[in-house]
Chemist: 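Pasting in a structure now, in structure tokens, and then I'll have a few things to ask.
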Amino acid sequence: MTPSCPLVEVSGGPRERGRQYGEQAADRVRLGIEHYSSQLGRNDLTSDGIKQLVQRFEPTIARFDPTYLEEMRGIAEGAGVPFESVVLLNARTEILKLAQRPADDRNVPDDDPDGCTGVVAMPGVTKEGRLIHAQNWDWKVECAETAVVLKIRRDDGPDILTFTEAGGLARSGFNAAGIAITANYLETDRDYRRLGVPLALIRRKVLEQKQLAAAMHAVYTTPKSAANNMIVSQANGIAIDFECAPDETFQIHPERGLIVHANHFQSPIALSKLKDTGIANTPDSLYRDLRVRALIEPSLGSITRETVKNALFDDFETPWSVCRPPRKNLSSNLSATVAMIAMEPMLGVMEVAMLPALNRTFTTYKLDMEVQRPIIQAQPGSAQAAPIVKAV
């Protein structure tokens, strides 16, 4: 049977939200902890070793936002699991990689790349004039059993709707202000030279912002342990793809109204300054973005969510395809497109299909939106006058 993706709704302060989250998703939180702890054990990491790795991140998280530690303590209490295990879930990318990389060798290839293919269609090329933001999440097939959609009711900012692994504070999603984010694995020769803020928490920080500038600031300036690609959009028609090295950020802007990104660097500036070391593990990335763009471009001006989803279902060169069925990767781990997420933030709509290569059934999740849609009108009395922007 195709795994489900339950909705978890929380509200209140950070600790209380965490408790509600942990209680509602306890089984999935425990399953995720068991999965990653087992993987770390295969790297000869004991429970004490895992705890020591986790504790290295706590001061960094506390400096970034201490309320995140409070929320994670609440999740641990609600799910009845150790606090360090919840931190592991929120820093799993960094901890898994650090466990594989001895201190004297930071350039060992990653054996479990967290792949993805992300897409944004700008309002000017969609049928209804609404921005569409979508993604395939390629990762371990077991994680189809640990995913949730988390709805956060907030008193101190816009509400949030995010698809994430249970126990995680965020992954892909959007907020009531119309700000959305998806993310893709990247890898460089600069990775893991320093300890940065876990990627999941940067994504959560983006989704907490009411203003797009603050959301982009969180991506652009926050120190990271390793490379990552983050696409940030706003429902009224702004989208920038940020190719992030740990210590530097490069921009990709829409081309013909589209951003399409897989798991390799596209920025010529980035490629002139660093070495992309991820392609060795994700060679299919080199054509996945080309395939998706080629399938969407014939519909420029009439793109819908169905257009984008159909492109993300592409099975060219399966199982090394945009939408991959469960298959062994180059390290013999079972990998798959775990989920397809399609968002239309202006409508407050997120659609999710689990293991989409095997299942084309989507579940729809909704968020009440606060974003205002501008209408540009000419100033009276002059055809050349500056526009007036009104909100409806």
Side-chain angles (χ1 to χ4, degrees), residues 10 12-23 25-26 28-30 32-41 43-103 106 114 146 150 152 154 156 160 162 164-171 183 191-208 217-219 221-228 230 244 246-247:
V10 302
R15 193 78 166 239
E16 177 57 27
R17 285 197 303 254
R19 288 194 191 101
Q20 295 170 23
Y21 186 0
E23 289 170 359
R28 288 177 178 244
V29 170
R30 294 188 192 108
I33 292 168
E34 179 183 337
H35 170 68
Y36 290 121
S37 296
S38 175
Q39 181 176 345
L40 289 167
N43 289 320
D44 298 324
L45 204 64
T46 64
S47 58
D48 285 342
I50 295 172
K51 187 174 182 178
Q52 289 173 9
L53 267 180
V54 167
Q55 288 174 341
R56 290 177 59 187
F57 283 92
E58 289 184 43
T60 302
I61 297 170
R63 287 191 297 270
F64 185 60
D65 193 325
T67 67
Y68 293 165
L69 292 174
E70 280 299 291
E71 195 159 341
M72 285 186 256
R73 288 189 178 94
I75 294 168
E77 291 165 359
V81 298
F83 163 68
E84 291 81 7
S85 295
V86 178
V87 180
L88 165 62
L89 293 174
N90 282 277
R92 59 93 168 150
T93 299
E94 292 81 1
I95 290 172
L96 289 174
K97 301 304 186 289
L98 286 170
Q100 296 167 359
R101 295 163 181 251
R106 297 302 186 198
D114 189 351
T146 64
L150 176 64
I152 307 170
R154 300 175 65 226
D156 53 352
I160 295 169
T162 178
T164 184
E165 294 177 77
L169 297 193
R171 183 170 179 83
D191 292 357
Y192 299 100
R193 296 177 180 175
R194 65 178 183 181
L195 206 64
V197 175
L199 297 171
L201 305 186
I202 299 174
R203 297 164 193 162
R204 171 63 177 268
K205 184 63 70 176
V206 167
L207 293 174
E208 290 181 341
H217 180 270
V219 172
T221 65
T222 302
K224 305 162 189 72
S225 297
N228 196 244
M230 302 189 211
C244 302
D247 55 353

Chemist: Write down the atom of S225, the atom of G196, and the distance for their closest heavy-atom approach.
Modeler: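 Of all heavy-atom pairs spanning S225 and G196, the closest is OG-N, 2.8 Å.
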Chemist: So do M72 and L69 actually touch side chain to side chain, heavy atoms under 4.5 Å?
Modeler: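 Yes - at least one pair of side-chain heavy atoms lies under 4.5 Å apart.
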Chemist: In Å and rounded to the nearest 0.5 Å, what is the CG to CD1 distance from L40 to I50?
Modeler: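 With rounding to 0.5 Å, CG (L40) is 4.5 Å from CD1 (I50).
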Chemist: Do N90 side-chain atoms and L169 backbone N/O form a donor-acceptor pair below 3.5 Å?
Modeler: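 Answer holds: yes.
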Chemist: With rounding to the nearest 0.5 angstrom, report the OG1 to CG distance, T93 to L199.
Modeler: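 T93 OG1 to L199 CG: 5.5 Å, rounded to 0.5 Å.
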Chemist: May I ask you to test the F57-L98 pair for a side-chain heavy-atom distance under 4.5 Å?
Modeler: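 Yes - at least one pair of side-chain heavy atoms lies under 4.5 Å apart.
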Chemist: Which residues pass the side chain to side chain donor-acceptor pair (under 3.5 Å) test with E71, sequence neighbours left out?
Modeler: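 Only R17, R204 meet the side chain to side chain donor-acceptor pair (under 3.5 Å) criterion with E71.
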Chemist: To check you understand the geometry: which heavy-atom pair defines the closest contact between F64 and L201, and what is its length?
Modeler: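 Scanning both residues completely, I find the closest heavy atoms to be CE2-O, 3.6 Å.
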Chemist: Show your reasoning for whether side-chain contact (heavy atoms from CB on, under 4.5 Å) applies to I202 and M230.
Modeler: CA-CA 10 Å; I202 299 174; M230 302 189 211; 4.0 Å; yes
Chemist: Partners of T67 by side chain to side chain donor-acceptor pair (under 3.5 Å), sequence neighbours excluded?
Modeler: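 By the side chain to side chain donor-acceptor pair (under 3.5 Å) rule, T67 matches D65.
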Chemist: Flag this pair as yes if the NZ/CZ of K97 is under 6.0 angstrom from the six-membered ring centre of Y192 and inside a 45 degree cone about the axis; otherwise no.
Modeler: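 No, a cation-pi geometry is absent between K97 and Y192.
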Chemist: Would you say that R154 contacts I160 through its side chain, given a criterion of any heavy-atom pair below 4.5 Å between the two side chains?
Modeler: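 Of all side-chain heavy-atom pairs linking I160 with R154, at least one is under 4.5 Å.
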Chemist: Can you tell me if Y21 uses its side chain to pair, donor with acceptor, with the backbone of G167 under 3.5 Å?
Modeler: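 Here the side-chain-to-backbone pair exists.
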Chemist: Please check if the side chain of N228 supplies one atom and the backbone of C244 the other of a donor-acceptor pair under 3.5 Å.
Modeler: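 No, N228 side chain to C244 backbone: no donor-acceptor pair under 3.5 Å.
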Chemist: Rounded at 0.5 Å granularity, tell me how far CD in E94 sits from NZ in K224.
Modeler: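 Here the rounded value is 11.0 Å.
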Chemist: In chain order, what residues pass the side chain to side chain contact (heavy atoms under 4.5 Å, CB included) check against A166, with sequence neighbours excluded?
Modeler: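 Per chain and number, A166 pairs via side chain to side chain contact (heavy atoms under 4.5 Å, CB included) with A25, R28, V29, V148.
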Chemist: Show your reasoning for whether side-chain contact (heavy atoms from CB on, under 4.5 Å) applies to L195 and R56.
Modeler: CA-CA 8 Å; L195 206 64; R56 290 177 59 187; 4.0 Å; yes
Chemist: Mark yes or no for whether R30, through its side chain, and A79, through its backbone, hold a donor-acceptor pair below 3.5 Å.
Modeler: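 Side chain of R30 to backbone of A79: a pair is present.
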Chemist: Any non-hydrogen side-chain atom of P246 less than 4.5 Å from a side-chain atom of R193?
Modeler: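 Counting from C-beta outward, P246 and R193 never come under 4.5 Å.
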Chemist: If you measure from CD on Q55 to CG on D48, what distance do you get to the nearest 0.5 Å?
Modeler: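 Result: 9.5 Å between the selected atoms.
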Chemist: Using only atom types and a distance under 3.5 Å, with no angle test, would you say the side chain of T162 pairs donor to acceptor with the backbone of R171?
Modeler: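 Looks like yes, one N/O pair under 3.5 Å.
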Chemist: Which heavy atom of L150 sits nearest a heavy atom of G168, and at what distance?
Modeler: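 L150 and G168 have their closest heavy atoms at CD2-O, 4.2 Å.
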Chemist: What closest approach, in Å, do G32 and L89 show between heavy atoms, and which atom pair accounts for it?
Modeler: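 Nearest pair, atom of G32 first, then L89: C-CD2, 3.8 Å.
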Chemist: Would you give the length of the straight line joining atom CG of D191 to atom CG of D247, rounded to the nearest 0.5 angstrom?
Modeler: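 Result: 9.5 Å between the selected atoms.
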Chemist: From T60 OG1 over to E58 CD, what is the distance, rounded to the nearest 0.5 angstrom?
Modeler: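 Atom-to-atom, T60:OG1 and E58:CD are 10.0 Å apart.
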